[in-house]
*Asks:* 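Supplied in structure tokens, the structure appears directly below.
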Amino acid sequence: MPKTLIVLLGPTGVGKTDLSIRIAQHFDTVITSSDSRQVYKEMRIGTAVPEPEQLSQVKHHFIHSHSIHDYFSSFECEKETLALLQNLFVEKNQVLMVGGSMMYIDAVCNGIDDIPTIDPQLRKELLEKYEQEGIESIRMQLKLLDPVFYNEVDLKNAKRVLHAVEVCLMAGKPYSSLRKNTAKKRDFNIVKIGLNRDREELYNRINLRVDQMVEEGLVEEARGLFEYRHLNSMNTVGYKELFEHFEGKISLEKAIELIKRNSRRYAKRQLSWFRRDDGINWFHPEQEEEILQLLTEKCSGN
RNA sequence: GGUACCAUAGCUCAGUUGGUAGAGCAAUGGACUGAAAAUCCAUGUGUCCCUGGUUCGAUUCCAGGUGGUACCA
């Protein structure tokens with residue numbers, strides 16, 4: 001029996017969680033998450049983690065497994081998920097990965113290039129230089145360190161330019177020389193199921209879900225995390241807008257409106273990324289039978 | 001029922017002294033390789049309410065109609 005990683009993906013709010021429980025139960029297996037925010041245990045309401053009941057029905061990995069104070073990136077996701085899968089595949093023939101974080105999914109399925117982890121101090125210093133001297137100064141530095149990447153990178157995207165410089169300084173060689181751009185081989189099969197709905201329907205669900213989050217106490221949860229607002233992990237839709245409100249910059253109503261809008265835009269970006277991947281089998285979340293049928297076929301090795 | 005005002009993009013509105021129109025917000029498309037729920041780029045989508053009149057030409061002026069708002073009954 002071949003080992004298969006079933007990947008359930010789709011935009012935020014489309015209905016992945018509910019279906020994931022039933023798929024996992026159908027294959028008598030566990031779930032590993034590829035969600036860049038549900039890993040953090042300090043956030044619950046705004047990240048829409050599965051309900052306690054759902055968590056008790058199926059074993060979940062990488063849900064509330066880390067702290068917002070930890071460094072966690074797509075590399076950690078790849079490394080830790082692969083280690084986990086190695087153990088799980090001893091017993092299980094199928095494992096279900098659920099989540100919408102595009103780069104995390106990609107890291108697990110295809111791997112990412114080996115580059116050094118950036119020293120926080122270096123990152124801080126570069127950021128200060130950027131703030132004091134502007135983007136042009138960072139661009140010139142990149143041009144010297146890595147002219148190849150300088151010609152490829154989106155020079156208007158400061159984050160990308162900064163990161164490239166960081167990597168060059170950290171590695172002692174050009175970032176472009178570390179970029180292999182090849183997918184790593186995995187010793188298990190991968191079947192991707194993409195969930196999608198009519199755009200209007202998706203947006204209505206997103207808007208409604210935000211209202212429900214507020215009713216459940218999102219504002220209070222965010223207030224409790226306000227002091228950590230400068231952490232990268234807190235640069236998260238549903239929290240950053242409320243932080244603005246706590247700082248007196250916008251009204252609560254405006255913050256909620258922005259949470260809805262930013263969630264919609266996030267969903268759009270996810271779809272834009274997923275569209276490029278022609279290995280995804282797309283379904284409406286209600287096509288449960290069809291999904292299970294396809295998975296059964298694929299998992300039996302045909 | 002009468003009078004006044006209004007009717008332009010998904011929404012709120014601007015504008016054209018008559019030459020078929022533009023802002024904000026919303027939206028749409030795209031990029032993406034260790035911060036990714038991050039970050040960045042691009043894009044105006046329109047029976048200018050309807051019918052007729054004047055005019056070379058009407059979204060603009062005139063008349064009627066329809067719908068809305070306010071006030072008066």
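Reminder, nothing fancy here: chain letters follow the sequence lines and each chain counts from 1.
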*Asks:* Which nucleotide, B:A35, B:C25, B:C40, lies nearest any side-chain atom of A:R261?
*Replies:* B:C25
*Asks:* For the side chain of A:N235, starting at C-beta, report the closest nucleotide among B:A26, B:U39, B:C41.
*Replies:* B:U39
*Asks:* Indicate whether OP1 or OP2 belonging to B:A35 is found under 4.0 Å from a side-chain N or O atom of A:S74.
*Replies:* no
*Asks:* With the threshold set at 4.0 Å, does a side-chain nitrogen-carboxylate oxygen contact exist between A:K3 and A:D187?
*Replies:* no
*Asks:* Can you measure A:M102 atom CE to B:A31 atom P for me and round it to whole angstrom units?
*Replies:* 11 Å
*Asks:* Closer than 4.0 Å, any side-chain N/O of A:Y266 to the OP1 or OP2 of B:U39?
*Replies:* no
*Asks:* Just call it for A:T12: base, sugar-phosphate, or nothing, with non-hydrogen atoms closer than 4.0 Å on any strand.
*Replies:* nothing
*Asks:* Quick one: stems for RNA chain B, with Watson-Crick or G-U pairs under 3.5 Å, at least three in a row?
*Replies:* B:1-7 with B:66-72, B:10-13 with B:22-25, B:27-31 with B:39-43, B:49-53 with B:61-65
*Asks:* Applying the 4.5 Å side-chain criterion to the ILVMFWY set and letting contacts propagate, would A:L19 and A:F27 be lumped into a single cluster?
*Replies:* yes
*Asks:* Give a yes or no on whether A:D70 atom CG has more than 12 heavy-atom contacts from other residues, nucleotides or ligands under 6.0 Å away.
*Replies:* yes
*Asks:* Which whole-number value in Å describes the distance from A:L155 CG to B:U39 P?
*Replies:* 19 Å
*Asks:* Should A:W282 and A:V7 be regarded as members of a common hydrophobic cluster, given that ILVMFWY residues are connected when their side-chain heavy atoms come within less than 4.5 Å of each other, either directly or indirectly?
*Replies:* yes
*Asks:* Look at the side-chain N and O atoms of A:R199 and state whether any lies under 4.0 Å from the OP1 or OP2 oxygen of B:A27.
*Replies:* no
*Asks:* What distance, rounded to whole Å, do you find between the two C1' atoms, one in B:U45 and one in B:G24?
*Replies:* 16 Å
*Asks:* Give me the distance, rounded to whole Å, that separates B:U12 from B:G52 when you measure between the C1' atoms they each carry.
*Replies:* 32 Å
*Asks:* Just to confirm, is there a sub-4.0 Å distance from OP1 or OP2 of B:A31 to any side-chain nitrogen or oxygen of A:R269?
*Replies:* no
*Asks:* Figure out the CG/C1' separation between A:L127 and B:A35, and round it to whole Å.
*Replies:* 11 Å
*Asks:* Using whole Å, report how far CD of A:E257 lies from P of B:U12.
*Replies:* 14 Å
*Asks:* Do A:L294 and A:V14 belong to the same hydrophobic cluster, where Ile, Leu, Val, Met, Phe, Trp and Tyr are linked whenever their side-chain heavy atoms lie under 4.5 Å apart, directly or via other members?
*Replies:* yes
*Asks:* Given B:A36, B:A31, B:A35, identify the nucleotide with an atom nearest to the side chain of A:S272.
*Replies:* B:A31
*Asks:* From CZ of A:R139 over to C1' of B:C40, roughly how many Å is that when rounded to an integer?
*Replies:* 12 Å
*Asks:* Within this structure, what is the CG-to-P distance between A:L258 and B:A26, rounded to whole angstrom?
*Replies:* 8 Å
*Asks:* On a whole-Å scale, what distance lies between the C1' atoms belonging to B:C49 and B:C6?
*Replies:* 12 Å
*Asks:* Sticking with atom C1', work out how far B:G29 lies from B:G44, rounded to a whole angstrom.
*Replies:* 13 Å
*Asks:* Would you measure the distance from the C1' atom in B:A21 across to the matching atom in B:G64 and give it in whole Å?
*Replies:* 27 Å
*Asks:* Using the side-chain heavy atoms of A:S73, tell me which of these nucleotides is nearest: B:U39, B:C41, B:A35.
*Replies:* B:A35
*Asks:* Roughly how far apart, to the nearest Å, are B:U55 and B:U69 at atom P?
*Replies:* 38 Å
*Asks:* For the pair A:E78 and A:R186, find out whether any cationic side-chain nitrogen is under 4.0 Å from an anionic carboxylate oxygen.
*Replies:* yes
*Asks:* Would you mind reading off the distance between A:L122 atom CG and B:A35 atom C1', rounded to a whole angstrom?
*Replies:* 14 Å
*Asks:* Within the 4.0 Å heavy-atom criterion, would you say A:K268 contacts the bases, only the backbone, or no part of the nucleic acid?
*Replies:* base
*Asks:* Please compare A:Q270 and A:R275 by the position of their nearest nucleotide in RNA chain B and report the one closer to 5'.
*Replies:* A:R275
*Asks:* Using whole Å, what does the distance between atom C1' of nucleotide B:A35 and atom CD of A:E166 come to?
*Replies:* 9 Å
*Asks:* Side-chain N or O of A:N232 less than 4.0 angstrom from OP1 or OP2 on B:A36?
*Replies:* yes
*Asks:* Between A:R264 and B:U28, is there a contact of a side-chain N or O with OP1 or OP2 at under 4.0 Å?
*Replies:* no
